[in-house]
Amino acid sequence: MAQYSRISGSVGLITLSNPPVNALSAAVRQGIVDTVEKALGDPQVKSVVICGQDGIFCGGADIKEFGKNMSGPPLIPMIHTIECATKPMVAAIEGSALGGGLELALGCHYRIAHSKARLGLPEVTLGLLPAAGGSQRLPRLIGVPAALDLITTGRHVTAAEALQLGIVDQVTDHATVDAAVKFALSVAGKPLDTRRISTYPCPHVSDVDALCENVMQKVRKSAHGAIAPIACVQAVRAAATLPYTQGMEREKELMATLYTSGQARALQYSFFAQRAVSKWRIPSGARWDTSTPRPLHKVAVIGLGTMGRGITVALAQAGLPVITVETHEKQLMEAKRAVSDMLNRGAKRRGVAPPLDKISYSCNLQDLADVDLVIEAVFEDMTLKKKVFRQLSAVCKPGTLLCTNTSGLDVDQLASQSRNPELVVGMHFFAPAHVMKLLEVVYGPQSSPQAVATAMQLGKKMGKVSVAVGNCRGFVGNRMLKLYTEQASFLLEEGATPDLVDQAIEEFGFPMGVFKVSDLSGLDVGWRIRKEEKLAGLSVASGQSTRIREGRRYSPLADLLCEQGRFGQKTGRGWYQYDKPGGRVARSDPWLHHFLEEYRAQHGLVARHIDHQEVLERCLYAMINEGFRILEDGIAAGPEDIDVIYVFGYGWPRHRGGPMFYSGMVGLEKVLERLEHYYQAHPDVPHLQPCRLLRRLVARGSPPVHKWREVIKNLHSQL
Ligand code: 3H9
């Protein structure tokens, strides 16, 4: 787990060896303790280099060990021993030095990094803080403001930035270990008193309290209830105001609170869930490790509305040649300007050249004859999409993958329009498509393993978190969202206001409440779909109660607002009012409150007091219940898939893991009991009826989320 050798006569070389990221497992820590002792005890060794095997220094503490009984030597004394050594210790950093990995390097007297290495203290993203001295050493090394930035955000820095900040002493483009050995030879025998970071005073800041308070306020605002960023500020403040040993005590105390918090568990679950979804498998038996993606030399985007533009930008930024198609020259030129602006802005932010030359523009579908993959992003209209698919099928070369960016239309129906339905999949991007991380890859019963593998790999190349899901109305994300928004509307009918519902949701940790999101995306979008589905508008059967559709409760509130031209931010009025059309700041609207009162009176509804708890239970448990149904139906392979979709696409607070993980944290019995309660109170809302899988899990003693797949498998085998 840590190998030892002596090279160049007098340099002890310690190589961490725990693939794939050389995480500091108990065995690795033991290996380091043993090899450091060996090196320090060897009279021929004058200096020591610590490096990692296979081009990566160290990915930090072994996250898989968290929550289990700790064994093996602890990190803090191990790093302390390294720092106290009387022979120069040099860290040779290739690949990544993250978390405990960087803390180990900070214990060394010198750090040499490869130019492509990335360094950081990302513990905050796992609900923790750098608790192996990182929160105390980094501020001493690079100053309080820079340390606050790195530790509270967890962002990784490049070797160049690390050099500029003073985290590393040298950056090399060549073999890092060779450079570190050469360096180690050059510093052998030199005094080390000035190289032990824990002995440094923290660089002076004129008003440390004001600085920390300022950062604390920013952090509180963006944390949406996450506690780790706050603890990170407190730990750095301790570094700035206390001697090292007392600072370490404070670091330990803060870590103890975080370590046992549900938030750390949720965030660590989320870390592994994000990786688990890339190991997709679908009911046909196809899976990530047995399916080969198609190489993509050229791709196309059809339709340059908001989604098409974002997708084009993301493809070009991923380095892929893209041809884009619009119907009319004028729209094409407009889109070209918008896409170029987006690329220029993005490039400026990232300090690179804009990949404008990756994109070509056309009004002619015939130009797509040689592309390997097409993403159709035309208007959300089945008839139009079918026509486009028929045309593409005739124009494109055999083997071209046809993908649709529909947010919920039937992918199988579209596939049926193609000569090769096995080459059709959904690629559901989220707006703005060049920013949002989520991609739902929707497979149908005929989709070939290669088609799924190609779309998943393309998503990865575009920097997305891609999740393979089955085809059903709304797929996973929007299918669940429908029930969440539906409950929110029912709550308005029963006495709540948009402000109250949104406040409860935002306090839970969503960046925006359900009604604010609705105003942002435009109420007219859903209205058009409901009219097509004959749920709203003139086509609704006469004599039908406005509050019942298809035999179940329906809230026409959003339709009524649309009839008044209140489409949300774009019209300056929706669930809230805005200072002007396109305004962003939502203000409570007395008109709306009055409208709700009149509506209730008209329908004989008596407003009752609704508290935050009911808002959360009704909105979230209805959605969670649907999540269980999705698992039951086999549309998502496991709870991780649903949770990743919600965290990366719908603003679910990451420190709450995702809806399915959250249901486990609340307790499945409780979720079941509350759903039963609400279903009894609202028998006209069938979706509140607890589903079979939830009942089955509770009957099985509510196993932890990682054991659900077994229960789901059993359920499927009994069907
Ligand atoms: C910490 O250090 C606390 C300290 O302050 C001490 C306190 C006392 N442990 O991401 P990838 C697995 S907290 C265990 O796909 P990449 C990962 O699950 C830690 N396993 O690769 C995956 O497994 P599988 C702070 C880990 O090349 C495989 O390695 N450190 C760990 O895209 C490949 O991962 C961090 O937060 C780990 N630490 O990216 C760093 N890291 O193959 C977390 C990874 O079975 N890690 N695995 O799916 C990362 O950010 C990325 O993994 C890294 C590589 C950039 C290193």
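Along the sequence shown, the residues carry numbers beginning at 1. Atoms within each ligand, like the ligands themselves, are counted from 1 in listed order. Being a predicted model, the structure only gives us computed values, none of them experimental. Hydrogens, waters and symmetry mates are skipped; everything else that's a heavy atom, side chains included, is used.
- Of the N and O atoms on the side chains of E710 and N714, not one donor lies less than 3.5 Å from an acceptor on the other residue.
- Among protein heavy atoms, the minimum distance from atom 40 (C) of ligand 1 is reached at G59 O, 3.3 Å.
- The N/O atoms of F272, backbone and side chain alike, include none that comes under 3.5 Å of an N/O atom in ligand 1.
- When only interatomic distances are considered, the shortest N/O to N/O separation between E103 and ligand 1 falls below 3.5 Å.
- A perpendicular orientation is assigned to the rings of F508 and W652, their planes being inclined by more than 60° (bins at 30° and 60°).
- Between E123 and ligand 1, at least one pair of N/O atoms sits closer than 3.5 Å.
- R709 is linked by a salt bridge (charged side-chain N to carboxylate O under 4.0 Å, His left out) to E640, D641, counting only residues two or more places apart in sequence or in another chain.
- T176 and E94 are linked by a side-chain donor-acceptor pair at a separation below 3.5 angstrom, with hydrogens and angles left out of the test.
- The residue from H156, M70, K279, R275 that puts a heavy atom closest to atom 42 (O) of ligand 1 is K279.
- One side chain, Y269 or D643, offers a donor N or O that lies under 3.5 Å from an acceptor on the other.
- In L121, neither the side chain nor the backbone holds a heavy atom less than 4.0 Å from any atom of ligand 1.
- By the criterion of a heavy-atom distance under 4.0 Å, the side chain of A23, and not its backbone, is placed next to ligand 1.
- The closest side-chain donor-acceptor pair between Y244 and R140, if any, does not fall under 3.5 angstrom.
- Under 4.0 angstrom from ligand 1, there are no non-hydrogen atoms of L24.
- Regarding atom 19 (C) of ligand 1, its nearest protein heavy-atom neighbour is L126 CD1, 3.7 Å.
- Each of the atoms 6 (C) of ligand 1 lies under 4.0 Å from some heavy atom of L75.
- Nearest protein neighbour of atom 47 (N) of ligand 1, counting heavy atoms only, is V21 CG2, 3.9 Å.
- Using a 4.0 Å cut-off between charged side-chain N and carboxylate O, R287 and D289 make a salt bridge.
- At the shortest separation from atom 14 (C) of ligand 1 among protein heavy atoms lies D62 OD1, 3.2 Å.
- Counting the atoms of ligand 1 from 1 in the order shown, those under 4.0 Å from a heavy atom of P20 are 28 (C), 29 (O), 33 (C).
- At least one side-chain heavy atom of T199 sits under 4.5 Å from a side-chain heavy atom of R196.
- Taking atom 1 (C) of ligand 1 as the reference point, the nearest protein heavy-atom neighbour is A61 CB, 3.4 Å.
- S198 pairs in a side chain to side chain donor-acceptor pair (under 3.5 Å) with only one of the listed residues (R137, E83, H80), which is E83.
- By heavy-atom distance, the residue among L98, L129, L102, T125 lying nearest atom 55 (C) of ligand 1 is L98.
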